[in-house]
Amino acid sequence: MGTVSHRKYIRWYPDEASEPTSTLVLTSPQNRFVDLRILLPSDGATKLSMDPTGELPLDRLDWAIAGTTISEAATSPTGESIRRSTFSHWVSSRDVDPAGVSDVGDMYPQEDGTTLEKGEMLNPATGRLTRYDELWLDLLPPTSDVVAVLRVDAGAVKGMLVWIGSLCQALVRDEEGIALERWERGDDDDETAWTRTVRMGGRALPCESILTGKVALEKDGAVACQGDMWQVIELHGEDKH
């Protein structure tokens, strides 16, 4: 019923491993994902944003991607059985038109339950193709959790929203640039327990109206958000709203 992936660190060779971001990837049962990588506060604060609405400037964004992924069995150079994942980008903060852009990582399962991803990609700090490691903790939410994917694709406006249980992320691009949100819900089942922990950009997103039950979701239905029509392309589990 979807996967929630928390990144523990990234290593650009030959540098040491570090984690300068809060990176969270939500992947649906049909392999659609929203990946938001928010730079951590320079002052070491525990909250990403001190603003109660989660507002942050765009210079706090490392990378934001929405797209699809496929995974296939593969063999490592040393003969290990691994998975090779390809992430095809549909919306990206780094490319105005990411058509044809993808990245590939080899996934090595670790004894502690984490997954070590190895590959090569463009290091934004150097502009060079660089070998990297990323360590991921993948969590499988309860099958009873709601999973929903919404998409808008209207001319210059392209966006995706993925909601899995107590987490929701959305990313959209238009003529002006990008907008994104991350929402988190505490242990309380009360729908008012949702908190927007990150908000960047100017365009409105439908996260709040969906998560708080202001609008009901129906498979193949649509949700209006200030002129945009977001299509419900996946809906799993019971929407308790």
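Because only heavy atoms are used, hydrogens play no part in the values below, and waters and symmetry mates are left out as well, while side chains stay in. None of these values were measured; they are calculated from a predicted model.
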Within one Ile-Leu-Val-Met-Phe-Trp-Tyr cluster: Val101 and Val172, side-chain cutoff 4.5 Å: no
Is the closest side-chain heavy-atom distance between Val4 and His6 below 4.5 Å? yes
Closest non-hydrogen atom pair between Ser88 and Ser102, with its separation: CA-CB, 3.9 Å
Under a single-linkage definition using a 4.5 Å side-chain heavy-atom cutoff for Ile, Leu, Val, Met, Phe, Trp and Tyr, are Val149 and Val25 assigned to the same hydrophobic cluster? no
Strictly distance-based, threshold 3.5 Å: is any side-chain N or O of Arg185 a donor or acceptor partner for the main-chain N or O of Ala193? no
Under the side chain to side chain donor-acceptor pair (under 3.5 Å) definition, can you give me all pairs with a residue in residues 73-84, not counting sequence neighbours? Ser71-Arg83, Ser76-Thr78, Thr78-Glu80, Arg84-Asp106
Mind checking what makes side chain to side chain donor-acceptor pair (under 3.5 Å) contact with Ser209, not counting sequence neighbours? none
Thr68 side chain to Asn31 side chain, donor-acceptor N/O pair below 3.5 angstrom: no
Does any non-hydrogen side-chain atom of Gln30 lie less than 4.5 Å from one of Ile233? no
Does anything in residues 93-104 pair up under salt bridge (charged side-chain N to carboxylate O under 4.0 Å, His left out), and if so which pairs, sequence neighbours excluded? Asp62-Arg94
Pairing residues for Phe87 by the ring-ring contact (aromatic ring centres under 6.0 Å, His included) criterion, not counting sequence neighbours: Phe33
Non-hydrogen side-chain atoms of Asp228 and Val157 separated by less than 4.5 Å: yes
Residues 119-129, side-chain donor-acceptor partners within the protein, below 3.5 Å, at least two apart:
unit_1, atom_1, unit_2, atom_2, d
Asn123, OD1, Ala125, N, 2.9
Thr126, OG1, Arg128, N, 3.2

With sequence neighbours excluded, what pairs up with Asp133 under the side chain to side chain donor-acceptor pair (under 3.5 Å) test? Tyr13, Lys118
Sequence neighbours excluded, which residues qualify as side chain to side chain donor-acceptor pair (under 3.5 Å) partners of Thr130? none
Going by salt bridge (charged side-chain N to carboxylate O under 4.0 Å, His left out), name the pairs with one or both residues in residues 150-179, residues two or more places apart or in two chains. Asp174-Arg203
Would a 4.5 Å heavy-atom cut-off, applied to side chains only, mark Thr3 and Leu139 as touching? no
Other members of the hydrophobic cluster containing Leu135, with the 4.5 Å side-chain heavy-atom rule, please. Tyr9, Ile82, Tyr108, Leu116
Residue set satisfying side chain to side chain contact (heavy atoms under 4.5 Å, CB included) with Ala64, at least two apart, ordered chain then number -> Leu36, Leu61, Ser93, Leu171, Leu180
Rounded to the nearest 0.5 angstrom, the CG-CD1 distance for Leu161 and Ile210 is 5.0 Å
Stepwise, does the side chain to side chain contact (heavy atoms under 4.5 Å, CB included) test hold for Ile178 with Met200? CA-CA 8 Å; Ile178 65 163; Met200 295 182 182; over 6 Å; no
Could you tell me which non-hydrogen atom of Cys207 sits nearest to which non-hydrogen atom of Ala170, and how far apart they are? SG-CB, 3.6 Å
Dump the intermediate steps for side chain to side chain contact (heavy atoms under 4.5 Å, CB included) on Leu217 and Val146, then the final yes or no. CA-CA 11 Å; Leu217 297 182; Val146 174; 5.6 Å; no
Side chain to side chain contact (heavy atoms under 4.5 Å, CB included), that's the test. Do Val91 and Ile65 meet it? Break it down for me. CA-CA 6 Å; Val91 181; Ile65 319 162; over 6 Å; no
Are the side chains of Leu167 and Leu24 in touch, meaning some heavy atoms are under 4.5 Å apart? yes
Would you mind checking if Arg7 and Glu19 are paired as a salt bridge, meaning a charged N to carboxylate O distance below 4.0 Å? yes
Should we count CE of Met229 as having more than 12 external heavy atoms under 6.0 Å? yes
Can you name the side chain to side chain donor-acceptor pair (under 3.5 Å) partners of Trp136, sequence neighbours left out? Glu117
Smallest heavy-atom separation, Pro29 atom then Val147 atom, equals CD-CG1, 3.5 Å
Can you tell if the side chain of Ser85 reaches within under 4.5 Å of the side chain of Val104, non-hydrogen atoms only? no
Can you name the closest pair of heavy atoms from Cys225 and Pro206 and give their distance? SG-N, 3.7 Å
Less than 4.5 Å apart, side chain to side chain, heavy atoms only: is that true for Leu48 and Leu40? yes
Please check this pair: side chain of Ser49 against backbone of Glu55, looking for a donor-acceptor N/O pair closer than 3.5 Å. yes
With ring centroids as reference points, do His89 and Trp63 lie under 6.0 angstrom apart? yes
Nearest-0.5 Å distance that lies between atom CG in Asp138 and atom OG in Ser5: 3.5 Å
Is there a donor-acceptor contact under 3.5 Å from the side chain of Thr212 to the main chain of Glu208? yes
Please, which pairs that meet salt bridge (charged side-chain N to carboxylate O under 4.0 Å, His left out) have at least one residue in residues 21-49, sequence neighbours excluded? Arg32-Glu234, Asp35-Arg37, Arg37-Glu134
In terms of hydrophobic clustering (I, L, V, M, F, W, Y; side-chain heavy atoms under 4.5 Å; direct or indirect links), are Trp183 and Val215 co-clustered? yes
Kindly work out whether a path of hydrophobic side-chain contacts (I/L/V/M/F/W/Y, heavy atoms less than 4.5 Å apart) joins Leu140 to Ile164. no
Just so I know, are the side chains of Gln231 and Val223 near enough to count as touching, which here means a heavy-atom distance under 4.5 Å? no
Of Glu184, Arg182, Glu181, which meets side-chain hydrogen bond (donor to acceptor under 3.5 Å, both in side chains) against Thr197? Glu184
Can you get from Trp194 to Leu150 by hopping between Ile, Leu, Val, Met, Phe, Trp and Tyr side chains that sit under 4.5 Å apart? yes
Checking the side chain of Thr69 only, and the main-chain atoms of Thr86 only, is there a donor and an acceptor separated by less than 3.5 Å? yes
